[in-house]
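Each remark here refers to the structure printed beneath this line.
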Amino acid sequence: MDKFNNLKGIAAPLPIVNIDTDMIIPKQFLKTIKRTGLGVSLFYEMRYDNDGKLIKDFVLNTSPYDQSKILVAGDNFGCGSSREHAPWSLKDFGIKCVVSTSFADIFYNNCFQNGILPIVVTPEQLDQLMTAASNQTEFHIDLPQQTIKAGNHSFNFEIEEFRKERLLQGLDDIGITLGYQDKISNYEDEKQNQKPWLFKDK
Amino acid sequence: MSNNGPKTLFDKIWSDHLVGQRDDGTSLLYIDRHLVHEVTSPQAFEGLNLSNRKVRRPEATFATADHNVPTINRENISDEQSRIQVETLAKNTKEHNIEYFELSDRRQGIVHIIGPEQGITQPGMTMVCGDSHTSTHGAFGALAFGIGTSEVEHVLATQTIVQKPAKNMRIAVNGKLPFGVTSKDLILYIIGQIGTAGGNGHVIEYAGTSLKPLSMESRMTICNMSIEAGARAGLIAPDQITFDYIKGRPYAPSKDHWEKAIEYWSSLPSDQDAFYDNELIINSDEIDPMVTWGTSPEDVVAVSGFVPDPSSGKTENKQKSIQRSLDYMGLKSGTKITDIKLDKIFIGSCTNGRIEDLRNVALIVKDKKISSHISGMIVPGSGLVKKQAEEEGLSKIFIDAGFEWRDAGCSMCLGMNPDQLKPGERCASTSNRNFEGRQGRGGRTHLMSPELAAASAIKGNISDIRDFI
């Protein structure tokens with residue numbers, strides 16, 4: 001997984017609440033058996049008209065936002081389905097950080113699996129960052145310091161220590177967990193005695 | 001969460017599945033059962049194969065194809081990508097020795113219908129699936145939640161998942177469900193009350209006198225839509241109704257273990273005085289049959305009500321969002337809900353595709369015809385639900401009324417297969433999401449109970465079941 005440390009760039013403003021995973025990547029693109037290639041379909045129905053032509057005034061279709069690495073969005077971003085295609089499409093487009101007042105739990109988890117940093121800010125901070133994004137102010141995100149800066153605004157953000165570590169080092173969860181195989185086996189042995197009906201297979 | 005004090009149902013399941021915990025609370029949680037489907041698993045198996053990793057417990061893993069399978073003429077899947085996904089699942093499950101309910105198997109169906117149907121779902125378990133509606137299984141008092149594909153790979157490889165404990169929320173529903181009000185209306189009402197982010201970070205335990213008499217199938221409808229309230233999972237304490245439902249099913253505990261299992265399951269309900277981070281009390285006597293008018297499951301209104309005005313939004317953002325929804329839905333504020341004319345009816349999905357749902361629909365449409373301008377489709381949740389409906393004569397009632405009677409799958413709930421709305425088409429749907437484009441680009445979805453959808457099919461407009469019978 002890619003490491004995440006510092007990020008500088010223009011942020012695209014998307015002031016819509018409850019942006020769901022169907023909006024981020026519609027169902028017809030879930031038929032792929034690959035993780036890559038979804039960026040072109042990101043926000044498909046907002047980005048393209050019925051004939052498949054770019055809708056010119058949609059923010060990610062306009063310069064310089066078509067090069068954005070950061071997205072600033074309304075409350076409850078990523079609600080709906082568990083499809084990891086949502087962060088895959090963001091990542092493939094080039095988005096490495098999403099800022100909102102809240103995220104749906106599964107989407108939030110999925111971001112960290114793909115080296116994307118979701119940042120939670122207060123409603124007041126979001127208003128200010130949304131304005132800064134609209135003014136094409138350069139954002140600077142510093143994960144080690146846990147700060148997000150845009151022009152005169154500078155805020156600290158919270159992130160769990162374990163998630164931060166993994167992003168900074170680009171670590172893969174499975175590799176870490178496989179280091180605990182003995183503990184998992186011990187757990188299974190103990191539970192097999194207590195709840196044998198769950199281990200008919202063993 | 002204290003170790004010795006009174007515990008909630010969630011606390012008990014959580015602590016019984018802890019393999020390890022870090023100082024910051026990040027936990028390694030053991031997973032008892034893993035359900036797999038064709039859409040969110042190919043990249044997980046690819047990841048395993050690339051790293052030469054094995055599935056740790058193939059016997060604890062069950063797979064089926066449901067999301068993009070056709071519900072008609074399914075011997076040949078004409079959409080190439082869909083076919084490849086289904087074939088990939090068959091290949092992956094075979095290579096890794098995982099039980100796969102293939103399309104020709106009667107047991108095939110929507111993953112959240114067949115888990116309970118086969119007795120795979122049991123109280124006190126941890127269950128995951130690469131699908132957000134895994135919350136359905138919480139109706140059995142199992143901690144069940146949706147995960148992304150990377151986590152699917154993690155569970156396949158390690159039979160565990162990395163998680164932080166959720167907060168506890170309790171929603172007590174007391175009273176009776178009035179005539180014409182179903183568990184679907186109840187959960188729509190709850191989502192309307194707390195909003196689609198209301199449950200974020202929480203596991204919701206549903207309790208109270210209204211729930212006690214409910215069947216397992218009704219309880220599943222409630223837990224199914226917990227995710228629409230933003231919750232990680234929904235839970236209902238197991239009781240005799242739960243045990244009776246499980247007994248004798250193919251993957252239920254064997255006779256040798258049954259008493260021991262009951263003893264364990266009976267220890268699971270929350271202790272008195274257990275701590276909840278949030279509590280909500282609802283009087284179910286006051287709930288009406290509900291429908292959605294907008295493009296979020298929180299956009300609910302009583303069927304006897306009216307399309308809202310944007311000015312009813314409490315914040316400027318909410319007002320904008322109401323206007324955006326009204327524009328998408330092609331609705332005017334102040335319109336009576338029962339004046340909304342429909343084009344399509346979809347009855348099915350993991351929310352309402354079980355046998356009881358179909359029986360209730362049959363009661364309403366028996367000896368009647370669906371309105372001439374309506375096209376209606378009934379999609380059973382599994383091959384076994386289909387078989388049973390045919391044996392009970394329900395399918396004949398549906399076909400005589402003018403419905404199409406299909407094969408099992410997710411179908412028009414998300415329209416990954418050919419069952420989709422056309423732009424501008426308006427659908428009464430028993431499914432769980434009314435997002436923009438969910439059932440087809442430009443399609444307009446009104447969520448409701450199977451009973452309301454059936455009545456609406458006959459009338460041609462959204463209808464109040466209480467005026468109908």
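Below, all heavy atoms of this structure are taken into account, side chains as well, without hydrogens, waters or symmetry copies. Small disclaimer: the values here were computed from a predicted structure and weren't measured. A note on names: the letters A, B, ... follow the listed sequences, proteins ahead of strands, and every chain is numbered from 1.
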Contact class of [X] relative to chain B, heavy atoms under 4.5 angstrom:
{"X": "A:Tyr180", "result": "side chain"}
{"X": "A:Thr36", "result": "neither"}
{"X": "A:Pro196", "result": "both"}
{"X": "A:Asn109", "result": "side chain"}
{"X": "A:Met46", "result": "side chain"}
{"X": "A:Tyr187", "result": "side chain"}
{"X": "A:Lys195", "result": "side chain"}
{"X": "A:Asn186", "result": "neither"}
{"X": "A:Leu30", "result": "both"}

Which atoms of [X] come close to chain A, meaning under 4.5 Å heavy atom to heavy atom: side chain ones, backbone ones, both, or neither?
{"X": "B:Phe45", "answer": "neither"}
{"X": "B:Ile147", "answer": "backbone"}
{"X": "B:Thr149", "answer": "both"}
{"X": "B:Arg232", "answer": "both"}
{"X": "B:Lys318", "answer": "neither"}
{"X": "B:Arg438", "answer": "both"}
{"X": "B:Ser296", "answer": "side chain"}
{"X": "B:Ser82", "answer": "both"}
{"X": "B:Gln439", "answer": "backbone"}

Hey, are A:Arg83 and B:Asp131 close enough for a salt bridge, meaning a charged N less than 4.0 Å from a carboxylate O?
-> no
Are any of the side-chain nitrogens in A:Asp172 or B:Arg53 under 4.0 Å away from the carboxylate oxygens of its partner?
-> yes
Residues which pass side chain to side chain contact (heavy atoms under 4.5 Å, CB included) with A:Gln194, listed by chain and number, not counting sequence neighbours | A:Glu190, A:Lys191, B:Asp16
Establish, from distance only, whether the side-chain atoms of A:Gln181 and B:Arg56 form a donor-acceptor pair under 3.5 Å.
-> yes
Main-chain N/O of B:Gly437 paired to A:Lys27 side chain as donor or acceptor, under 3.5 Å | yes
Rounded to the nearest 0.5 Å, how far apart are CG of B:Asn417 and NZ of A:Lys31?
-> 7.5 Å
Atom pair OG/CG of B:Ser150 and A:Asn110 - distance to nearest 0.5 Å | 7.0 Å
